[in-house]
Amino acid sequence: MDLLKECAGAESIGISTHIRPDGDAVGSSMALYLYLKKQCPNAEIKLFMETPPDCFRYLKYFGDIDSAYAYDKPFDVFFVLDTVPDRLGEAEKFFDCAKKKINIDHHISNKNGCGDVNVVLPEIGSTSEVLYGLLDEAYLDTDIAVALYTGIIHDTGVFQYSNTTPQTMRVAARLMEFDFPFFKIIEESFYQKTYRQNQILGRALMESIRFMDGRCIVSCVDKSMMQFYDVKPADLDGIVNQLRNIKGVNCAVFLYETGLMEYKVSMRSDEMVDVSKVAAYFGGGGHMRAAGCTMKGTVHDVINNLSLHIEKQLKEKEVCTTES
Ligand code: 5GP
Ligand code: MN
């Protein structure tokens, strides 16, 4: 896809990403916003998403993000980044009536893309890395590099997860040439947590339960706990990764209560479990080793239903390993 050709002549361009935006969602959509602002000076360009966590405030034009979704005309071009439309939240209304829809993503659960033009590459670790491949090198600048770098480090766990490739490192190296304090970005947007975030992390770890001989672990945070520690859902990011880091654990499940008998599920795994399949079964999606969904029922129902699928995969893998 030639990004600028697709936008040629457009008078209005909208960009949005998934609800509860994470580093890749914020980084990729901000990078595209910065790029188009410079390259399409005659177009009105709008960037919509739920208010991102404060740790991303260093991004240039962070204040331009419209979380009120205030726009009342159909966009000539509308970009959906790092998701499919059903997780756009309020921005779905812009997608529905846009004249041209462009989908840029890397989720394996996004089978065919939802746009008139689609670039969906599940083998690439972040939407930011996918987007880098679509931008003209000659038009990159420091602000765009910072936004893309942010997305890449968040979705690869600072180059730790198996979705990191030699090309990821080449892209990151190229971006670092723009000479920004990458170490500060890693520290402040990825590793640093507030005191309250750490407290609830500690509580979630303390109350976690292991099953299947310690190969699976689950922890749940309910609304009263969130109120007690005065935290929002975004403050819970990272808990599931800590659960997954425990020796012997193949699959970690973290739940938090979103409504009456409703839970948001986050799963992380190693090569023993494909959590994107588990999440897809319950109407969610994601990647092989990081996926999520929303489920109804009591916390016990949710855990029982998920664990059936996880155990099935673990048992199938066991059979394969003993047979080979
Ligand atoms: P997280 O556990 O960090 O919320 O999400 C892990 C991965 O799964 C991310 O790539 C995220 O976009 C995806 N994901 C999480 N929840 C859902 C969901 O409800 N539906 C879909 N399609 N993807 C999800
Ligand atoms: Mn992503």
Side-chain angles (χ1 to χ4, degrees), residues 16-32 49-50 52-53 56 79-89 92 103-114 119-133 147-158 161-164 168 171 190 204 218-221 232-244 251-256 258-259 262-269 273-296 302 306:
S16 196
T17 184
H18 58 80
I19 48 172
R20 288 192 54 226
D22 56 12
D24 188 32
V26 182
S28 60
S29 48
M30 186 50 101
L32 180 61
M49 72 181 87
E50 285 181 354
F56 298 117
F79 285 91
V80 175
L81 264 60
D82 201 37
T83 186
V84 283
D86 62 354
R87 293 183 72 224
L88 277 177
E92 200 173 346
N103 188 202
I104 304 173
D105 193 9
H106 71 128
H107 284 90
I108 196 163
S109 50
N110 183 358
K111 290 274 181 297
N112 304 311
C114 61
V119 182
V120 181
L121 303 173
E123 64 282 8
I124 292 188
S126 59
T127 295
S128 299
E129 188 181 330
V130 176
L131 180 63
Y132 172 87
L148 290 173
Y149 189 85
T150 297
I152 292 173
I153 58 157
H154 277 260
D155 259 24
T156 60
V158 194
Y161 307 148
S162 55
N163 58 5
T164 308
T168 311
V171 171
F190 191 83
V218 63
S219 188
C220 180
V221 162
K232 299 187 295 290
D235 295 317
L236 306 173
D237 278 355
I239 293 181
V240 68
N241 292 321
Q242 282 299 325
L243 291 167
R244 170 53 206 101
C251 183
V253 179
F254 176 68
L255 317 173
Y256 69 85
T258 47
E262 189 186 85
Y263 293 87
K264 175 77 197 146
V265 178
S266 273
M267 290 178 282
R268 298 291 184 272
S269 61
V273 182
D274 179 348
V275 282
S276 73
K277 283 191 184 150
V278 181
Y281 185 85
F282 295 105
H287 310 284
M288 257 152 42
R289 295 180 192 179
C293 55
T294 296
M295 289 173 72
K296 299 240 182 222
V302 169
L306 288 167

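Atoms within a ligand are numbered from 1 in the order they appear, just like the ligands themselves. All heavy atoms count here, side chains included; hydrogens, waters and symmetry mates do not.
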Which value, rounded to the nearest 0.5 Å, describes the distance between C293 atom SG and K264 atom NZ? 6.5 Å
Can you name the atoms of ligand 1, numbered from 1 with element, that are less than 4.0 Å from a heavy atom of H287? 10 (O)
Nearest 0.5 Å, please: how far is CD1 in I108 from CE in M288? 6.0 Å
For side chain to side chain contact (heavy atoms under 4.5 Å, CB included), just list the numbers for M267 and V273, CA-CA rounded to whole Å, side-chain angles, deciding distance to a tenth of an Å, and then say yes or no. CA-CA 10 Å; M267 290 178 282; V273 182; over 6 Å; no
With heavy atoms and a 4.0 Å threshold, my read on which part of S266 contacts ligand 1 is both
Report, in ascending order of atom number, the atoms of ligand 1 lying under 4.0 Å from any heavy atom of A290. 6 (C), 7 (C), 8 (O)
Would you mind listing which atoms of ligand 1 come within a distance below 4.0 Å of any non-hydrogen atom of G286? 8 (O), 13 (C), 23 (N)
Can you list the protein N, O or S atoms less than 2.8 Å from the Mn ion (ligand 2)? D24 OD2, D82 OD1, H106 NE2, D155 OD2
Donor-acceptor pair between H106 and D155 side chains, under 3.5 angstrom: yes
Quick one: nearest non-hydrogen protein atom to atom 14 (N) of ligand 1, plus distance? G285 O, 3.5 Å
Proximal atoms of ligand 1 relative to R268 (non-hydrogen, under 4.0 Å): 1 (P), 2 (O), 3 (O), 6 (C)
Side-chain contact, heavy-atom cut-off 4.5 Å: T294 with E262? yes
Judged on heavy-atom distance to atom 11 (C) of ligand 1, which of R289, M295, K264, R87 sits nearest? R87
Could you walk me through whether V302 and F282 pass side chain to side chain contact (heavy atoms under 4.5 Å, CB included), step by step? CA-CA 10 Å; V302 169; F282 295 105; over 6 Å; no
One finds that the ligand 1 atoms under 4.0 Å from a non-hydrogen atom of H107 are 9 (C), 10 (O), 11 (C), 12 (O)
Is it true that D24 and H154 share a donor-acceptor pair across their side chains at a distance under 3.5 Å? no
Backbone of C114 reached by a side-chain donor or acceptor of N103 within 3.5 Å: yes
Do you know which two heavy atoms are closest between S29 and T17, and how far apart they sit? OG-CG2, 3.9 Å
The residue among L88, V130, L32 that forms side-chain contact (heavy atoms from CB on, under 4.5 Å) with L81 is L32
What's the shortest distance from atom 17 (C) of ligand 1 to any protein heavy atom, and which residue and atom give it? G292 O, 3.2 Å
